[in-house]
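Below, read A as the first sequence line, B as the second, and so on, with proteins coming before strands; counting in each chain starts at 1.
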Amino acid sequence: MNNRELFSKLDYTLIFIVFLLFCSSIIAIQNAPDVDGSSFAKRQIMWYTIGAIAALVVILFDYERLKNLHWFFYGFGILLLLGLTAAKLGVPVPFADESKGALSWYKLPGIGSLQPSEFMKIFLTLSLSQVIVKHNETHHVKSLRDDIWLLGKIAVVAGIPFFLVLIQPDLGTALVMAAIIAALVIISGIRWRILLILFLFVLLGLGFFAFCWFQFPEVIKLLLKGHQIDRFYGWLEPEQYGNHEGYQLIRSLYTIGPGQLYGTGLDSSSVSLPEAHTDFIFAVIAGGFGFVGAAVVISLFFMLIYRMIHAAIGTHDPFGSYICTGLIGMFTFQIFENIGMTIQVMPITGITLPFLSYGGSSLLTSLMAVGLILSIQSRTRKYMF
Amino acid sequence: MDHEKRTKKKRNHLPFRLNILFLAVFLAFSVLILRLGVVQIVKGKEYQDKANETDHAKTQLDSARGKIYAANGTVLADNQAELAVVYIRKPGTTSKDNLKTAKKLAKLINMDDSKVTERDEKDYWILTHSDAYDQKLTQAEQKNFKEDPKEADKAYDLVLDRITKKDLDSISKADMEVIAIKRELDQSTDLTPHFIKKDLSEKELALIGEHLGDFDGKIDTAVASTRKYPNGDYFFLGQVKDIPSELVDGFLAKGYNRNDKVGVSNLEEEYEDALRGIPTTLTFTTKNGKAVNTPEKKEGQRGYDIQLTINNKLQKEIAKIIDKDISNTKHTFPQPKLDSAYAVVMDPHTGGILAIVGRKIDHSTGKFEDASSGAIYNAFQMGSAVKGATVLGGFQYNAVPEYFNDMPIVYKNGGRFKSYSDFGTLTPETALEHSSNVFMAKIASNMAGFKLRPENGHYKARVFTGEHYRKAFENLRQAYGQFGLGVETGVDLPFESTGYEGGIPKEGGKIMQFAIGQFDTYTPLQLAQYASTIANGGYRLAPHFLKSIHAPTNDPKKLGPTIYHYEPKVLNHIKNTQEEIDRVQRGFYLVTHAPNGTAPSLGHRDNAKYKIAAKTGTAQIDVENDPELYNKSLVAYAPYDDPKVVVAVVVPEIKHGETNLDIAQDIFKAYDKLTGHSLTKG
């Protein structure tokens, strides 16, 4: 397949959605309160350009070759994460850098900060997809044992990066990885029975936690550290903890709420909002453009996911399908968690909003993920009968 | 067919499961939309109102403290008022804002720049050079710093390091003033008034007054006052200082600022509530933690002035008298230990303290220094001066003989207890006149149930130490307490000493020492209260410094309207009949007027006109090493038929000389002169 053919097959709807998100991002960042918005907006454009080029490279690259190369990426990612873990233990690792209490970054002079856990999300998707494909190829008629065996393989491959990220500590990214794993486990072909049991376990866990929270707070104190408990209080009763744990949520609600149906306009925001250009970019949009604007952005994301599902279904290559699904899990969770935390649906964690939040690593990851999906989608073989 | 269907189903598990996943995605997004609708449409208005809610932040500027006047009108505590510029930092103020304010202010006032440090200059250089970072940091360093807000501090320090002397040369003299002002602005904390410059000139004041509007309520003028004691640091005035750290919470609860000055001792502390003014309050409206308007100002009021009963002239005069009389005594009878004396002058009808003086030689300089606090905080064995209380206490227990022959008392162990000499047959009055120890011992013995058997020109004493004795000791001590001896006098100060209480000694004979003032110790103020109680006919009045409290006026020479006038406080009446009190007063009269009294000099010749009644006291204070070392005391009042003034004098550690009498007669003389001859006229 030559390049021309490739480009003619590209899903331009998907590309157009990303372009619209790009526009929203620039407008929102430009008007983020408390920071020098225009300089961040300029840098965001730069990152978009770099990301677009990276995505193009990914599109041109035949993803099927990843079937052989994925372990190399996976290993590279794990190596970087191990470097950070070593730095945490006191080993002098070049460029490792601590910021906001977590060792999650490499600081490269002249380039900027890189967050290996961001890229690890894609590398993990690739490896898990191939593990599942290979398993399903060798076990045509699967027994219950085979299913459990597959679960075990997934647990090992996913467990290592998950754990390394969790101890950074970067709970947000670890949860995103969990979402990727969950999405892939669901479509891996494992029997519903097992999935149902797993699902019940998760539900039971959450139920137990909620029950303890209200009935036996002592148990919660054993499970979580003081500042983590405070974070829950900040989420459940933000007004009471408005000066501390609930501060960000209150600021966010006071920014979003007054937007009402049509928004307050962009420069009328008098409420100061921390991290407005990164984690709380959605609040800027919802406040400035109101429910209508926010709903448009959420719809854009929904259509984005829809196009990705379309690609996942459309391709007849299970490897491509799995990759798409993992990335869908990644995007969905990030979008849900980020928007959710600004409107008190979820507790606040440091997760960026894909395509909208300012930040090099996360944007690069998102665009490369889109590139991967486009690469898969454009190489779909149509079977003619 | 069946088989085909099954494989197809198998192959197609992917789209099916993807659809399930898509359903989950759809549900998740629906939750977001729904919740967004609640936040924006249902509760949007509510959140908007809350976001717009305003709050109030209050701050206050202390008003000048009330003044303290002496009875004769002299100002004892004043404020040195300086006109000052005050800065009230609003929450959310940045260093850049402060620079703007400083630049504006620099045009209006002259500022001393001697406190400015090199660091201040460097901060200023960076603030005023927008390209400071470009100049001092490489591209790579800047990029590094921009990526991470945490690096900002490091980058700033690096720039500071790289600023050269040459760079700083560009700072002009005028800039230095701005820096000096900004330095003060930067040191302030939110909503707490901070003085930028005190002692403004008229011109500066006028200029600032004209431009107050330019500062949005951040700058104001105020009177910064420092407490001054123009007539010397009399101990009873106390001190005004920062709030002691252990009391901060209490003062904050009463509405003080953390950096306020408060009275921390004596009268400044006792009358803090009156002396403290009503502070000027400034109320800011804040929104989201930021001040949004100019503050609303409510002017305060200067504190109340208080007038004391102390006569400043008498106070000063007595200090001179003590210095002179001690010096004279030391000149006539050289004695190194004699180095101090105390005198308290009181109005027996009100308890008002007219003067309270202590003087002590500083041995390193040989000069007299003020030791007036000793009149309240130091206690001494007063000796026979307390015998008036012994006789009246005795009357309360029917223990006073009408007649008693003065002869030495001999104890079983051979110890002797006698008067100055054998005075023959004594009545209670003549016992006081001669200051008979044996008569007092008889009273104590009667109270304790001791037997004194006459035998060959002396008494043989049989002494018991049982319950009867202990009860007698307690009763006598309690009787002394009715006069203020050994108990709190109730003076209007936060703290006073009550003297040393020796308990109940094992040796029964000690009650006789107790009865002649040689056991417990008392303060000069207690002695004065005791004298006043006898002089006024048995009322124990609380001694006090406060005469009245006055509202502030603008006329510095006059006191404002009286708000409160001190009412004499009767603590108790002694449990004696008028006749018994009259007899003791008669005894005090004989001390100064009978030819064989112990202080005839006070009743005759020049002193006759004052009509002084008195009781002397001489306590042996070191029987074993130096039996001739005494505390000499005196209580006196005049005129004896209508007492107007009570004087108590204590001269500790004296060997020779009647300094207690010298001081007393000089005080009566000075008092008479200063009060327009109130003692001698009528």
Side-chain angles (χ1 to χ4, degrees), chain A residues 39 43 97-100 105 107 109-113 140-141 183 186-189 239 250-251 253-261 263-264 270-272 286-287 290-291 294-295 298-299 301-302 305-306 309 312-313 318 321-322 324-325 328-329 332-333 335-336 339-340 342-345 360, chain B residues 6-7 9-55 91-92 138-151 287-290 292:
Chain A
S39 97
R43 302 241 293 279
D97 186 60
E98 186 162 358
S99 168
K100 290 177 194 167
W105 303 81
K107 181 167 245 170
I111 299 172
S113 296
H140 281 294
V141 182
I186 289 173
I187 62 146
S188 64
E239 308 242 322
I250 284 289
R251 292 287 138 215
L253 289 174
Y254 285 3
T255 307
I256 295 175
Q260 300 191 37
L261 195 54
T264 55
S270 62
V271 178
S272 84
F291 180 75
I298 293 178
S299 306
F301 278 125
F302 185 70
I305 301 290
Y306 171 73
I309 298 257
I313 295 175
S321 248
Y322 292 148
C324 287
T325 309
I328 288 165
T332 307
F333 182 78
I335 293 162
F336 183 71
I339 295 180
T342 64
I343 52 178
Q344 213 185 351
V345 170
Chain B
R6 266 177 68 183
T7 40
K9 195 180 168 192
K10 187 113 198 139
R11 203 175 284 153
N12 283 354
H13 83 263
L14 244 177
F16 177 66
R17 291 194 176 194
L18 276 170
N19 277 318
I20 297 273
L21 207 62
F22 187 56
L23 181 69
V25 173
F26 175 76
L27 288 175
F29 277 56
S30 306
V31 167
L32 291 184
I33 293 275
L34 272 174
R35 173 66 191 163
L36 195 63
V38 170
V39 170
Q40 296 201 290
I41 296 165
V42 181
K43 287 169 99 178
K45 186 86 181 64
E46 185 186 320
Y47 283 129
Q48 179 159 33
D49 292 346
K50 279 189 182 159
N52 288 335
E53 233 169 51
T54 54
D55 217 336
T138 63
Q139 285 290 327
E141 282 166 342
Q142 285 194 52
K143 204 158 193 177
N144 211 0
F145 134 71
K146 272 185 188 162
E147 279 300 319
D148 185 351
K150 192 186 66 165
E151 292 291 306
K287 194 171 142 187
N288 291 308
K290 287 177 187 164
V292 291

Engineer: I need the minimum non-hydrogen distance between B/Ile33 and A/Phe291, along with the two atoms involved.
Structural biologist: O-CE1, 3.7 Å
Engineer: To the nearest 0.5 Å, what is the distance between CG (B/Leu18) and SG (A/Cys324)?
Structural biologist: 9.0 Å
Engineer: Looking at A/Ala286, A/Ala295, A/Gly360, A/Pro318, which one has more heavy-atom pairs under 4.5 Å with chain B than the rest?
Structural biologist: A/Ala286
Engineer: Closest approach of A/Ala294 and B/Gln40, non-hydrogen atoms and distance?
Structural biologist: CB-OE1, 4.2 Å
Engineer: Which distance, rounded to the nearest 0.5 Å, do you find between the CD1 of A/Ile187 and the CZ of B/Phe16?
Structural biologist: 13.5 Å
Engineer: Would A/Tyr322 and B/Leu14 count as a side chain to side chain contact (heavy atoms under 4.5 Å, CB included) if you check the C-alpha gap in whole Å, the side-chain angles of each, and the deciding distance to 0.1 Å?
Structural biologist: CA-CA 9 Å; A/Tyr322 292 148; B/Leu14 244 177; 4.1 Å; yes
Engineer: Carefully, step by step, assess A/Ile305 and B/Phe29 under the rule side chain to side chain contact (heavy atoms under 4.5 Å, CB included).
Structural biologist: CA-CA 11 Å; A/Ile305 301 290; B/Phe29 277 56; 4.3 Å; yes
Engineer: For each of A/Leu261, A/Ile328, A/Ile186, tally heavy-atom pairs with chain B at distances under 4.5 Å, and name the one with the top tally.
Structural biologist: A/Ile186
Engineer: Quick one: which of A/Gly340, A/Ala183, A/Gly290, A/Gly287 has the most heavy-atom pairs under 4.5 Å with chain B, could you say?
Structural biologist: A/Gly290
Engineer: Which heavy atom of A/Ile343 sits nearest to which heavy atom of B/Arg35, and what is that distance?
Structural biologist: O-NE, 2.6 Å
Engineer: With respect to chain B, which residue among A/Val345, A/Ile256, A/Thr325 yields the maximal number of heavy-atom pairs within a distance under 4.5 Å?
Structural biologist: A/Ile256
Engineer: Pick whichever of B/Glu46, B/Gln48, B/Lys43 has the most heavy-atom pairs under 4.5 Å with chain A.
Structural biologist: B/Gln48
Engineer: Tell me, with the steps shown, if B/Val39 and A/Thr342 meet side chain to side chain contact (heavy atoms under 4.5 Å, CB included).
Structural biologist: CA-CA 10 Å; B/Val39 170; A/Thr342 64; over 6 Å; no
Engineer: Show the nearest heavy-atom pair for residues B/Leu32 and A/Ile335, with the distance to one decimal.
Structural biologist: CD1-O, 4.3 Å
Engineer: For A/Phe333, is it the side chain, the backbone, both or neither that has a heavy atom under 4.5 Å from a heavy atom of chain B?
Structural biologist: neither
